[in-house]
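Scroll down for the structure; my scribbles are underneath it.
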Number of protein chains: 4
Amino acid sequence: MTKKHIQIIEKAEELFATQGYEGTTVRNIADAAGVNLAMISYYFGSKEKLLEALFMERMNATKHRIEAVVNNQSLTPFQKIETLIDEYITRVEEKEAFYKIMLSEQVINKNTVVMKLLKELKLTYARLISSVIEEGQKQKVFRKDVDIVLMLTTMTGTVMLMLINKDYYREFNNQKKLPNPVFEEQLSARLREHVKTIFKAHLGYES
Amino acid sequence: MTKKHIQIIEKAEELFATQGYEGTTVRNIADAAGVNLAMISYYFGSKEKLLEALFMERMNATKHRIEAVVNNQSLTPFQKIETLIDEYITRVEEKEAFYKIMLSEQVINKNTVVMKLLKELKLTYARLISSVIEEGQKQKVFRKDVDIVLMLTTMTGTVMLMLINKDYYREFNNQKKLPNPVFEEQLSARLREHVKTIFKAHLGYES
Amino acid sequence: MTKKHIQIIEKAEELFATQGYEGTTVRNIADAAGVNLAMISYYFGSKEKLLEALFMERMNATKHRIEAVVNNQSLTPFQKIETLIDEYITRVEEKEAFYKIMLSEQVINKNTVVMKLLKELKLTYARLISSVIEEGQKQKVFRKDVDIVLMLTTMTGTVMLMLINKDYYREFNNQKKLPNPVFEEQLSARLREHVKTIFKAHLGYES
Amino acid sequence: MTKKHIQIIEKAEELFATQGYEGTTVRNIADAAGVNLAMISYYFGSKEKLLEALFMERMNATKHRIEAVVNNQSLTPFQKIETLIDEYITRVEEKEAFYKIMLSEQVINKNTVVMKLLKELKLTYARLISSVIEEGQKQKVFRKDVDIVLMLTTMTGTVMLMLINKDYYREFNNQKKLPNPVFEEQLSARLREHVKTIFKAHLGYES
DNA sequence: CATGAATGAGCGTTCATTCAT
DNA sequence: CATGAATGAACGCTCATTCAT
């Protein structure tokens with residue numbers, strides 16, 4: 001990964017998120033990254049491969065973070081769940097653009113390499129969470145009948161939809177005048193609490 | 001609305017959902033709808049206007065349904081909320097393609113006519129729900145501190161993400177062999193219950 | 001020639017003059033004339049044939065006017081020339097649009113029916129003028145060596161270029177504030193005198 | 001200006017002159033110039049911009065020629081006028097195609113960049129000529145009341161109309177059998193003499 | 001004669017990609 | 001590895017014309 005590789009990936013991420021994959025031209029990316037147009041094909045092979053590279057990069061980081069939490073022996077199942085929720089929301093906040101692309105790409109269910117990678121990640125993610133849930137069930141702190149995917153769907157769904165509806169949330173709640181960082185922080189806190197509350201109810205534990 | 005208008009809109013809906021708006025060509029739509037390429041411009045003016053027509057059509061229907069529920073004097077606030085959840089999920093199940101397009105378009109936050117319509121609809125929707133909530137609060141069956149948008153975000157988020165992750169839900173739960181209609185029905189029921197449970201907890205009422 | 005025929009021809013004339021033949025669409029004409037789009041093809045056969053009809057109409061009128069002057073036994077050759085100049089300029093002033101189209105069409109030297117008609121008219125015109133010149137030469141009031149086409153070229157060239165450069169003429173001579181009818185009248189008078197002076201010098205007669 | 005740029009401009013010039021701007025397709029030009037279709041947009045941005053480039057190129061050359069004559073201190077006003085007439089006719093003979101396009105474009109008085117450039121050039125041209133005339137008037141070799149634009153209109157009109165009526169001139173004068181170069185040379189000489197004679201009469205000088 | 005609906009052909013333009021240097 | 005020039009393919013759209021009614 002040279003410096004230019006990273007520059008290109010970052011600008012591509014930004015543009016794919018704001019204009020869509022199809023709506024972004026290789027020229028757009030080259031211009032934004034300040035590199036020669038032909039370089040993108042040379043470095044990554046194609047526009048599609050650039051998207052793959054971007055996904056690989058971001059998804060690997062995500063995977064490592066999750067594993068770190070799940071394998072952290074010093075945390076109780078309950079703590080792991082709460083940490084995972086926090087980690088997830090933090091990650092989305094840090095990489096908004098990437099998560100928008102991920103969402104878009106999932107809607108358009110093409111049979112691409114990216115989609116296969118994504119599907120694998122999702123299964124891996126669910127299995128890791130599953131192990132945490134089972135750990136909690138053994139310890140009798142979680143309910144028996146937990147629908148993991150449904151629960152994850154609610155988490156990702158809530159966070160994703162909030163991501164794309166942030167402005168509208170702000171408008172509806174008359175918080176347009178609030179400085180952006182303050183609004184973001186408040187929203188983040190509320191979102192975390194909201195998701196955690198849902199999880200608690202669903203898993204049956206009490207904080 | 002002639003027959004061909006409808007044909008074109010329906011095929012466009014399908015293709016926009018599966019390939020994205022940008023990923024779908026006017027030729028794709030013309031071929032799928034079995035009409036001449038020029039017809040689409042002839043009828044709708046442009047590809048963009050076709051999308052607008054599609055949104056107008058679908059959003060109007062949605063709006064009327066919601067209003068019917070909210071204005072139904074024979075329902076208690078609690079019943080209205082449950083009916084709205086059911087209506088929403090039913091609507092998404094009926095018009096999967098359209099809701100996928102809506103999701104995609106929201107990610108790419110362009111300043112188009114469609115986006116303006118959508119924003120208006122969302123605000124209208126929230127305001128109607130808001131009136132139901134207030135009604136319930138007056139009757140002291142709902143909590144005082146309810147975050148309407150957050151709640152709606154959870155509902156739409158869960159339903160939307162389930163829409164695009166259905167296959168993966170099935171795979172994770174080893175339900176690949178289940179006949180599709182059965183799976184769909186089970187999922188639908190579970191989803192409705194799940195969302196209603198979250199709402200109950202959030203609004204503070206007991207069924 | 002029904003009323004609608006004339007309406008169409010007149011609007012077509014206007015549009016062809018201001019937008020060019022290629023730049024004008026059949027729809028433009030139909031809209032401007034307030035008739036159904038398909039009627040133009042039905043009445044005239046095609047866009048090209050409409051242009052032909054327009055040319056036939058205008059050129060016939062022109063031919064009759066010229067013949068009337070040339071065959072007017074009560075005029076001297078000198079009077080005939082002066083009358084022809086006046087008639088020509090009057091005609092151009094009356095039918096500006098048509099003369100613009102004629103000019104445009106001559107530049108694009110396509111082998112169309114229109115062009116053949118136009119060439120014939122030009123030859124007929126030149127032959128009629130020629131007969132007047134010869135008449136004058138026999139009466140020894142005109143020079144022997146007269147280049148008829150060159151002379152006609154100067155007349156039509158001056159009048160045509162003035163037609164398309166009128167505004168610029170006005171601007172250069174600081175007559176922008178002059179009311180349009182006044183400007184037009186002055187210009188017309190000056191143009192007539194100018195062309196007549198050139199003819200006098202060329203033909204060798206004195207007024 | 002690369003070789004291909006020039007190739008494209010020259011072929012475009014030819015085609016615009018013979019088929020009109022609207023009547024010429026970008027594909028026509030690409031084929032004629034032996035370049036890829038996309039090259040034209042790649043080099044010039046658009047068909048319109050190609051026309052602009054063509055005008056810029058030709059008009060600059062024209063302007064420089066005129067200025068060289070007007071500023072030539074060794075020439076008397078009378079010589080300048082005669083030289084300008086010769087230069088103009090030579091230029092038109094050399095760049096027939098371009099002058100045809102210029103004429104066509106002026107008829108269709110669109111508000112394009114090209115038209116603005118052209119209007120400027122015409123004013124500049126008139127002002128330069130004007131300075132020569134004034135020079136001659138001070139030296140009392142030219143008349144006091146000279147209508148510069150009318151005079152220029154006659155010159156350009158005569159030359160332009162001769163340009164598009166050359167064949168017809170030949171036919172009327174029974175010179176069809178004359179070899180083309182001979183005809184062209186004779187016509188050129190006659191045209192020059194003709195225009196100069198008109199100017200002499202108008203300006204009042206004697207050669 | 002009159003017309004709304006329809007269409008094949010072709011328009012100018014843009015795209016991701018390639019390749020000689 | 002780096003790049004300006006180039007390109008085939010496809011894009012959305014408009015055109016004059018046709019035809020069933």
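Letters A, B, ... mirror the listed sequences (proteins, then strands); counts begin at 1.
Ring orientation note: the planes of B/His5 and B/Phe44 are nearly perpendicular, at an angle over 60° on the 30°/60° scale.
A/Leu50 has its side chain within reach of A/Ile29: a pair of non-hydrogen atoms, C-beta onward, lies under 4.5 Å apart. Residues A/Met59 and A/Glu120 fail the side-chain proximity criterion, which asks for heavy atoms closer than 4.5 Å. In this structure, the side chains of A/Lys100 and A/Thr18 stay at 4.5 Å or more apart for every pair of heavy atoms.
Listed in residue order, the members of residues 2-14 of chain D having a heavy atom less than 4.0 Å from DNA chain E come to none.
Rounding to whole angstrom units, CG of residue B/Asn36 and C1' of F/dC13 are separated by 12 Å. Put simply, CD on C/Gln19 is 11 Å from P on F/dA16, counting in whole angstrom units. In this structure, the CD atom of B/Glu22 is 12 Å from the C1' atom of E/dT14, given to the nearest Å. Straight-line distance from the CE atom of B/Met39 to the P atom of E/dA9: 17 Å, rounded to whole Å. What separates CG of D/Asp31 from C1' of E/dG12 is a distance of 14 Å, to the nearest Å. Atom CD1 of B/Ile29 and atom C1' of F/dA10 are 15 Å apart (whole Å). At whole-Å resolution of the value, OH in A/Tyr21 and C1' in E/dC15 are 12 Å apart.
A cation-pi arrangement is present between A/Lys47 and A/Tyr21 under the rule of less than 6.0 angstrom and at most 45 degrees off the ring axis.
Side-chain nitrogen and oxygen atoms of A/Tyr43 include at least one within less than 4.0 Å of the OP1 or OP2 phosphate oxygen of F/dA2.
Across all strands, D/Thr25 comes closer than 4.0 Å only to sugar-phosphate atoms, never to a base (heavy-atom distances). No contact: C/Ile40 has no heavy atom under 4.0 Å from any strand.
Among E/dA16, E/dT13, E/dG10, the nucleotide with an atom closest to any side-chain atom of B/Leu37 is E/dG10. For D/Ala38, taking side-chain heavy atoms from C-beta onward, the closest of the listed nucleotides F/dC15, F/dT7, F/dA5 is F/dT7. For C/Tyr42, the side-chain atoms get nearest to F/dC19 when compared with the rest of E/dT13, F/dC19, E/dC19. With F/dT7, F/dT3, F/dC13 as the choices, the nucleotide that has an atom nearest any side-chain atom of B/Ser46 turns out to be F/dC13. Candidate nucleotides F/dT17, E/dA16, E/dG8 were compared by shortest atom distance to the side chain of A/Val26, and E/dA16 ranks first.
Heavy-atom neighbours of D/Lys49 NZ from other residues, nucleotides or ligands within 6.0 Å: at or below the threshold of 12.
Residues C/Phe55 and C/Phe98 bring their aromatic ring centres within 6.0 Å.
C/Thr24 places no side-chain N or O within 3.5 Å of a backbone atom of C/Gln19 that could act as its donor or acceptor partner.
Looking at D/Arg27, its side chain has no donor and acceptor atom pair within 3.5 Å of the base of E/dG10.
When only modelled atom types and interatomic distance are considered, C/Gln106 and C/Lys119 share no side-chain donor-acceptor pair under 3.5 Å.
Mapping A/Asn28 and A/Ser41 onto DNA chain E by nearest heavy atom places A/Asn28 at the nucleotide closer to the 5' end. Sequence order on DNA chain F of the closest nucleotides to D/Val35 and C/Lys47 puts D/Val35 first from the 5' end.
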| For DNA chain F, the dot-bracket pattern of Watson-Crick and G-U pairs whose distances stay under 3.5 Å, | for other-strand partners | .||||||||||||||||||||

| Step by step, would you call C/Tyr99 with C/Thr62 a side-chain contact (heavy atoms from CB on, under 4.5 Å)? | CA-CA 11 Å; C/Tyr99 282 88; C/Thr62 299; 3.6 Å; yes

